[in-house]
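Since the structure comes first, as C-alpha cells, the remarks are kept for the end.
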Amino acid sequence: MKNLERVQQIMQNFDRELFRQNLIQWFRNEQRVLPWRENQDPYRVWVSEIMLQQTRVDTVIPYFNNFLTKFPTLEALAEADEQEVLKAWEGLGYYSRARNLQNAVREVVEEYQGVVPSEPEEIAKLKGVGPYTKGAILSIAYDKPIPAVDGNVMRVLSRILHVEEDIAKASTKKLFEELITELISHEDPSSFNQGLMELGALVCTPKSPSCLLCPIQEQCRAFEQGIEEELPVKSSKKKQKKAPYMLLLIQNEQGEVLIEQRPSSGLLASLWQYPMLPLGDVDRESAPHWFYGEYGLKIELKETKQTIKHVFSHLIWEMEVVTAEIIGGELDHERARFVTLDERNDYPFPVSHQKAHKYINS
DNA sequence: CACGCGTGGTC
DNA sequence: TGACCAAGCGT
C-alpha cells in the first residue's frame, strides 16, 4: 500500500482538531522547566537538539549549561578549537555530533551571516541536521509547521493511531512524517511537536505508560483495546561483539604518561587514549615487539592490573590494563606524546579510557 | 536499507 | 546481569 493511501486509512474517523487542542493544552500546563526552553534562540535550540539525540534529558542538562557558558554564541563556537569542543562533549557520547555541530555552525557564520537558516532546504544541508533536527529547530525556534519525528513521536502515535509498522525501519518514519503533516497544528507547531515528545517522555513511556493521566486517552486506539504495552512494534538489534585489547600504561622518567590521539574518523574519532594493542592479532609475548614497531619505544611489561570491560552500542572492549617500563628506544609516532597528569586533564578522553586513569602511579 | 556510532539508567 | 533503551545522523 502506498503511504498516502495508508495515511488516509489511519486518519479515518480521527478528530484531528480535538487531538491538537488536548495535546497543546496539556503541554502548556505540564511541560518541564528546561534550560533550553528559556527562550527561542535558534542556537540554543540547535545545541539542545543535537545533545538530546539518543540521550536522556537528565544527562544533557549539565552538558548544555556548561556548553552554553563556554560557547555562548554561534560565533564563539565557530572560533573555538575542535579539541576544546570535544572536551566539552567528553562523556556525552556520539562525538561526531560535536564535530558536525561545530562544522555546521562555522558554515552558518560564513554562509548565512551568523543567522541559522529558517528554510527547510537550507537547514537540512547542515552537517548533523537530519529530518528530525530540521523539524525540531524550525518548529521550536521559528514556529514553522514541520514534522519532527523521533522515537517518542513514533511510540506515542503508534499507540494513539494503532500503527503496527516496525518503527526500526526508515520507511515507517516516513509514514509518521506524513501523518504529522496532516495532524500538526498551524497555530502552535512548537507546542504540538514538543507536546508529542513530552507526552512520550512523561506519560506515554515505553514501559508501564500512565494512561490514566493521558490527555489523549479518549482518542487512543491502543488504550481502547488494552494493547498499549504491545506497541510500538520494533525489531530488535543484534548484540555486541567482544574485542580484546591490552591497554598500556607507560610513564617516562619524569612521570609523564604516554597518550595518543585516535584517528579523525570512526569510533571515538579525535579523542585521546592510552596505547592499546589488539589481543588476538598480537599475544602477550610479542606485545613489546609489536609496541616497538608501532611506537619506537622498547618496553618491558610490568604489572597486570584489572581488565576493564566497556560496552558500546555495537561492541564490547575488554581491555587488560598492564603497566610497562621504558628500557630503550625513542618515541616515534605521529599521534602519541608524553604528558603530565595535569596536562592530561585538558585532553578529551572517552569514558572507556577514563576508567584506566586510577591505575596510574601519581 | 542496514549498519556504525557512546553512555548511563533501568529492571 | 544482560537486554533494552533515550529527543538520530551519516554513509
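The chains referred to below are lettered A, B, ... by the order of the sequence lines, with proteins before strands, and numbering in each begins at 1.
The nucleotide whose nearest atom lies closest to any side-chain atom of A:Arg56 is, among B:dT7, B:dG8, C:dC9, B:dG8. Distances were taken from every side-chain heavy atom of A:Arg155 (C-beta onward) to each of C:dG8, B:dC5, C:dA6; the shortest belongs to C:dA6. Considering only side-chain atoms of A:Leu268, the nucleotide from B:dG6, B:dG8, C:dG8 that sits closest is B:dG6. Of all nucleotides listed (B:dT7, C:dC9, C:dG10), C:dG10 comes nearest to the side chain of A:Lys127. Of the listed nucleotides (B:dG6, B:dC1, B:dG8), B:dC1 has the atom at the smallest distance from the side chain of A:Lys169.
When heavy atoms are screened at a 4.0 angstrom cut-off, A:Val311 is found touching base atoms of the nucleic acid. Using a 4.0 Å heavy-atom distance criterion, A:Val60 is classed as making no nucleic acid contact. Among the protein residues, A:Arg262 comes within range of no part of the nucleic acid, since none of its heavy atoms lies under 4.0 Å from any strand. Across all strands shown, A:Thr55 has heavy atoms under 4.0 Å from base atoms, whether or not it also approaches the sugar-phosphate. Across all strands, A:Gly200 comes closer than 4.0 Å to no nucleic acid atom at all (heavy-atom distances). Among the protein residues, A:Lys173 comes within range of the sugar-phosphate backbone only, with heavy atoms under 4.0 Å from sugar or phosphate atoms but none that close to a base.
For A:Ser96 against C:dG10, no side-chain N or O and base N or O form a donor-acceptor pair under 3.5 Å.
As rounded to whole Å, 4 Å separates atom P of B:dT7 from atom OH of A:Tyr95. When rounded to the nearest whole Å, the span between CG of A:Asp58 and P of B:dT10 equals 9 Å. Taking atom CG of residue A:Leu267 and atom P of nucleotide C:dT11, one finds them 16 Å apart after rounding to whole Å. Rounded to whole Å, the distance from CD on A:Gln53 to C1' on C:dC5 is 16 Å. For the pair A:Arg99 CZ and B:dG4 P, the interatomic distance rounds to 18 Å; values are reported in whole Å. Taking atom NZ on A:Lys239 and atom P on C:dC5, their separation rounds to 16 Å, with Å as the unit. Remark: C1' of C:dG8 and NZ of A:Lys134 are 14 Å apart, rounded to the nearest angstrom. Remark: C1' of C:dG10 and CD of A:Gln54 are 13 Å apart, rounded to the nearest angstrom.
The closest side-chain heavy-atom distance from A:Glu122 to A:Glu111 is not below 4.5 Å. The shortest side-chain heavy-atom distance between A:Arg344 and A:His357 falls under the 4.5 Å cut-off. Taking 4.5 Å as the limit, some side-chain heavy atom of A:Leu175 sits within range of a side-chain heavy atom of A:Arg6. At a threshold of 4.5 Å between non-hydrogen side-chain atoms, the residues A:Phe312 and A:Ser352 count as touching.
Defined by atom type and a distance below 3.5 Å, a donor-acceptor pair is present between the side-chain atoms of A:Gln21 and A:Glu17.
Heavy-atom distances to DNA chain C give each of A:Lys309 and A:Lys234 a nearest nucleotide, and the one nearer the 5′ end belongs to A:Lys309. Annotation: of the two residues near DNA chain B, A:Ser171 and A:Leu92, the 5′-most nearest-nucleotide partner is A:Ser171. Toward the 5′ end of DNA chain C lies the nearest nucleotide of A:Pro206, the other residue of the pair A:Gly130 and A:Pro206 mapping further downstream. Checking A:Thr172 against A:Phe349, the closest nucleotide of DNA chain B that is more toward the 5' end is the one next to A:Thr172.
Separating the P atom of B:dG8 from that of C:dC9 is a span of 22 Å, rounded to the nearest Å. The C1' atoms of B:dC5 and C:dA6 are separated by 15 Å, rounded to the nearest whole Å. Comparing the C1' positions of C:dT1 and C:dC5 gives a spacing of 15 Å, expressed to the nearest Å.
Between A:Ser352 and B:dG6 there is no side-chain N or O to OP1 or OP2 distance below 4.0 Å. For C:dG10, the OP1/OP2 oxygens have no side-chain nitrogen or oxygen of A:Tyr94 closer than 4.0 Å. Using a 4.0 Å cut-off, no side-chain N or O of A:His314 falls inside it from OP1 or OP2 of B:dG4. The phosphate of B:dT7 has OP1 or OP2 within less than 4.0 Å of a side-chain N or O from A:His310.
Note: A:Phe67 and A:Trp89 meet the aromatic proximity criterion, with ring centroids under 6.0 Å apart. Aromatic ring centroids of A:His186 and A:Phe192 lie 6.0 Å or more apart.
Under the Watson-Crick or G-U wobble criterion, with both distances below 3.5 Å, C:dT11 is paired with B:dA2.
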